[in-house]
Each structure stands twice: as C-alpha cells, then as structure tokens.
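Here is the structure we will look at.
For ligands, and for the atoms within them, numbers begin at 1 and follow the listed sequence.
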Amino acid sequence: MNEFVTADEFIDEEDRIVMHIDLDAFFASCEEVKNPNLKNKPVVIGANPKKGKGRGVVSTCNYKAREFGIKSAMPISFAYKKCPKAFFLPVNMTFYSKVSKEIMKTIKSYGKKFQQVSIDEAFIEPISEYDVFELAKKIQNEIYTKKKITCSIGIAPNKLVAKIASDFRKPNAITIVKSSEIKMFLSPLDIRKLPGIGEKSEKKLKDIGIKTVSDLQNFPIQKLEKIFGVKTARYLKRISLGKDDSEVEEKGKRKSLGKEVTFSKDISDKQKIYNTIEKLAEKCYMGLRKKKINFRTINIKIRYDDFSTHTKQRTFQEQKNLKEMKLWSKELAKKFLKDDRKIRLVGVSFSKLSVNKV
Ligand code: TTP
Ligand code: MG
C-alpha cells in the first residue's frame with residue numbers, strides 16, 4: 001500500500017509537519033534485544049499463562065505471535081490456547097523504561113518541538129534541515145543502530161492524522177499523508193481508528209450505520225447532533241475530516257503560561273486596569289485548564305509609563321479555581337495602583353506547573 005508514500009511532492013509551504021513515531025511491539029522488542037534467540041519466534045508479554053489457567057491479560061506480543069491471532073489486552077488464557085508454544089514472559093517495566101528513555105532522547109534531538117505521549121510513542125515537529133521522508137528514515141536507522149528496535153512513523157499536517165498514519169502500516173514503515181489527501185486517506189478506515197472512539201461510541205455509531213470514517217464524513221450533522229449532542233457531534237465531524245490544531249508540546253515541561261497587554265495609551269483608570277488584569281488571569285487559567293495543567297503560582301507584572309517594571313507573586317498550597325484567581329490577580333496588583341501613576345503594560349502569568357492527573 002504505497003499510494004500515500006509520496007515523499008517528493010509532500011507538503012505545501014504553509015502546512016505544519018508533524019511526525020508520530022511509534023515503536024513496534026515495544027515490550028516484546030525489548031525482550032528480543034535482551035535475548036536475540038527469541039527473534040522470529042512467537043513472544044507474548046504479560047501475565048503468567050499457568051498452562052492456560054492464568055487469569056491476567058496480554059500486554060503485547062511480537063508480530064510472529066500476532067500471526068496466531070494474539071493481541072494486546074486479550075486474556076492470557078486465550079493467548080495460550082492460540083499458541084501454547086509461544087514464549088510467555090512477564091512485564092519488566094524497569095528495563096523497558098530505560099530503553100524508552102534512550103530512544104526518546106534520539107527522537108527529541110530531531111524535533112523543534114517534542115511531545116512524548118506514552119512509553120513507546122512521541123510526536124515531533126521536525127527540524128527543517130532534512131526532507132521529511134529522509135529524516136524519518138534517518139530516525140528509524142538511528143534507533144535501530146543504537147537499540148535494535150524498529151518503529152513506524154506517520155507524517156501529516158497535524159497530530160491526529162500523523163498518529164493514525166503511523167499505525168497505518170506496521171512494522172518498520174513510513175506513511176506520509178499530505179493535507180490534500182487527508183479525507184481520502186481516512187475514508188476507508190474503521191471508525192475505531194479515530195481517537196476518542198472507544199467500544200461504546202463505536203457501538204452507538206454502528207447502530208446508526210456508521211462503520212467507516214467515510215460514513216461519518218457523509219452523515220448529516222443535524223442528525224448527528226440529535227443523537228450525540230452538539231458538542232460531540234461537531235467533534236466527531238471534525239475528526240472524521242482529520243481536523244486538529246492541537247500543538248506538539250511536552251505536558252508539564254512548560255515552565256509558565258503568561259499573557260500581557262500594552263495599552264494603546266498609558267492609563268491610570270483603575271477600573272480598566274483591574275478589568276484587564278482579571279481578563280488576562282482568566283485567559284491564562286482557561287489556557288492551562290484546556291491542557292489539563294495545574295499551577296501553583298500566579299505572577300503579576302506592571303510597567304509604569306517610565307518603563308520601570310515591577311512584579312509580585314504568590315504561591316499556593318493547592319489548586320485554586322477561576323473565581324479565586326481573578327480575585328488574587330487584582331489583590332496582587334493593588335500594591336502598584338495606590339497612586340495615580342500611569343501604567344503602560346500589565347501582565348499575568350501562572351507558573352509551578354504540573355500535569356493534572358485527575
Ligand atoms: P502499543 O504501541 O499500542 O503496542 P506495541 O508497541 O506493542 O505494538 P505496535 O507495533 O502495534 O505499536 O503499546 C506500547 C506498549 O504498551 C506495548 O508494547 C505494551 C504496552 N501495552 C500494554 O501493556 N497493554 C495494552 O493493552 C497495550 C495496547 C499496550
Ligand atoms: Mg508501539
């Protein structure tokens with residue numbers, strides 16, 4: 001299946017380029033690195049099969065074991081039935097994490113932006129020195145040379161399509177989808193390939209005759225809204241068309257999120273200044289919430305008309321809500337607004353960030 005691998009004329013100037021790199025049969029590949037004798041033999045990682053009586057599940061298996069119909073999340077007893085002669089190994093997370101860390105370092109070195117999303121996958125917005133197809137091959141070669149592990153890479157104008165593309169052909173493949181090809185690329189795929197469509201949504205969609213992404217693309221939006229509600233229906237339509245503007249960024253690695261405004265004319269109108277600060281605090285707060293990032297510190301910046309700049313900050317023990325943060329932003333600014341000095345710029349930023357685990 002080569003029709004989407006068209007390296008030469010890829011990507012119009014204005015397109016964003018996102019690469020999604022996913023390691024092949026990761027846990028099983030790690031075990032093969034440790035014990036090369038396992039190569040070309042079926043290898044299943046997960047719970048102890050106890051001769052078919054084990055009660056746990058399969059974490060993953062190599063491609064040889066997949067030929068027997070074994071899959072991630074399948075009860076280990078089923079896997080045993082399908083291939084009793086497979087090599088069943090327990091999960092050795094410490095080892096896999098170490099391998100993953102080293103591979104992620106390599107991937108990161110080729111990204112202007114980098115976001116690791118799980119132990120074996122990451123997005124990058126690649127550095128622009130290379131042709132994207134060449135770069136993808138270079139990344140595959142480097143990972144293989146260093147760690148003897150293969151990976152599959154999807155390249156597209158956004159994260160959504162890049163992720164689907166990396167899964168499109170596996171193992172050891174590169175799939176490029178240009179923006180003009182997105183709709184056609186997604187059309188024949190099963191709706192389960194779209195992110196956020198789990199078993200439940202799949203059933204609901206299939207009940208109304210939507211089996212492929214193309215069915216979803218063509219389904220009348222009004223009807224979809226009636227069944228799923230406006231928000232979900234619009235989300236479904238957007239992803240069916242491969243639309244996604246989320247950024248490649250490492251969650252929790254960001255140190256702060258700030259917004260500032262320079263007034264068109266220096267002002268001393270207190271109400272206007274407080275309103276602006278409150279709005280900036282709200283923008284920062286909502287920006288972080290959207291990305292599920294918590295903060296502990298708020299910083300206020302004030303620049304007077306003579307360019308002298310002052311800041312004040314406050315750190316909290318626990319997460320605050322929007323209403324509290326609006327009040328705090330104004331409280332911290334109070335000190336600078338005691339006299340009638342004119343203000344040129346105000347800024348609000350939130351820091352001490354951490355990924356929201358809730
Ligand atoms: P995946 O990337 O989903 O799977 P994979 O790398 O084994 O195979 P593929 O070539 O299709 O990418 O998941 C990465 C690792 O996460 C996988 O090696 C084991 C672990 N995992 C589980 O423990 N349970 C699961 O149900 C899945 C899907 C993965
Ligand atoms: Mg993988």
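Remark: the S187 side chain and the Q217 side chain contain an N/O donor-acceptor pair separated by less than 3.5 Å. Counted by atom type alone, K108 and Q116 present zero donor-acceptor pairs between their side chains at under 3.5 Å. Residues T309 and R303 have side chains that bring a donor and an acceptor to within less than 3.5 angstrom of each other.
E125 has no carboxylate O lying under 4.0 Å from a charged side-chain N of K112, or vice versa, which leaves the two without a salt bridge. Between K326 and E282 there is a salt bridge, with a side-chain nitrogen of the basic residue lying less than 4.0 Å from a carboxylate oxygen of the acidic one.
In terms of polar-atom proximity, F27 is counted as a contact of ligand 1, with an N or O under 3.5 Å from an N or O of the ligand.
Figure legend: K82 and F68 shown without cation-pi pairing, the cationic atom not lying both under 6.0 angstrom from the six-membered ring centre and within 45 degrees of its axis.
F95 pairs by the ring pair (Phe, Tyr, Trp, His ring centres under 6.0 Å) definition with nothing, not counting sequence neighbours. Judged as a side chain to side chain donor-acceptor pair (under 3.5 Å), and not counting sequence neighbours, the contacts of T150 are D24. Applying the side chain to side chain donor-acceptor pair (under 3.5 Å) test to Y63 and every residue at least two apart in sequence or in another chain returns R66.
Only protein atoms were considered; those of element N, O or S under 2.8 Å from the Mg ion (ligand 2) number 3.
The residue from T150, N62, T60, V91 that puts a heavy atom closest to atom 4 (O) of ligand 1 is T60. Counting only non-hydrogen atoms, the option in G46, A28, S59, S29 that gets closest to atom 25 (C) of ligand 1 is S59.
At least one heavy atom of Y63 sits under 4.0 Å from some atom of ligand 1. Remark: distances from the non-hydrogen atoms of R66 to ligand 1 include one below 4.0 Å. Distances shorter than 4.0 angstrom occur between a heavy atom of A25 and an atom of ligand 1.
Residue-ligand proximity, D22 to ligand 1, at heavy-atom distances under 4.0 Å covers atoms 2 (O), 12 (O). Annotation for ligand 1: atoms under 4.0 Å from non-hydrogen atoms of S72 are 25 (C), 26 (O), 27 (C), 28 (C). Near F26, meaning under 4.0 Å from one of its heavy atoms, ligand 1 places the atoms 5 (P), 6 (O), 7 (O), 18 (O).
Contacts of L23 with ligand 1, taken as heavy-atom pairs under 4.0 Å, involve the backbone alone.
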Determine whether I300 and I302 satisfy the following criterion, side chain to side chain contact (heavy atoms under 4.5 Å, CB included), listing intermediate values before the conclusion.
CA-CA 7 Å; I300 299 294; I302 300 278; 4.3 Å; yes

Please lay out, stage by stage, how E134 and K138 fare under the test salt bridge (charged side-chain N to carboxylate O under 4.0 Å, His left out).
CA-CA 6 Å; E134 290 308 315; K138 190 172 161 58; over 6 Å; no

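In terms of protein heavy-atom proximity, atom 2 (O) of ligand 1 is closest to D120 OD2, 2.9 Å.
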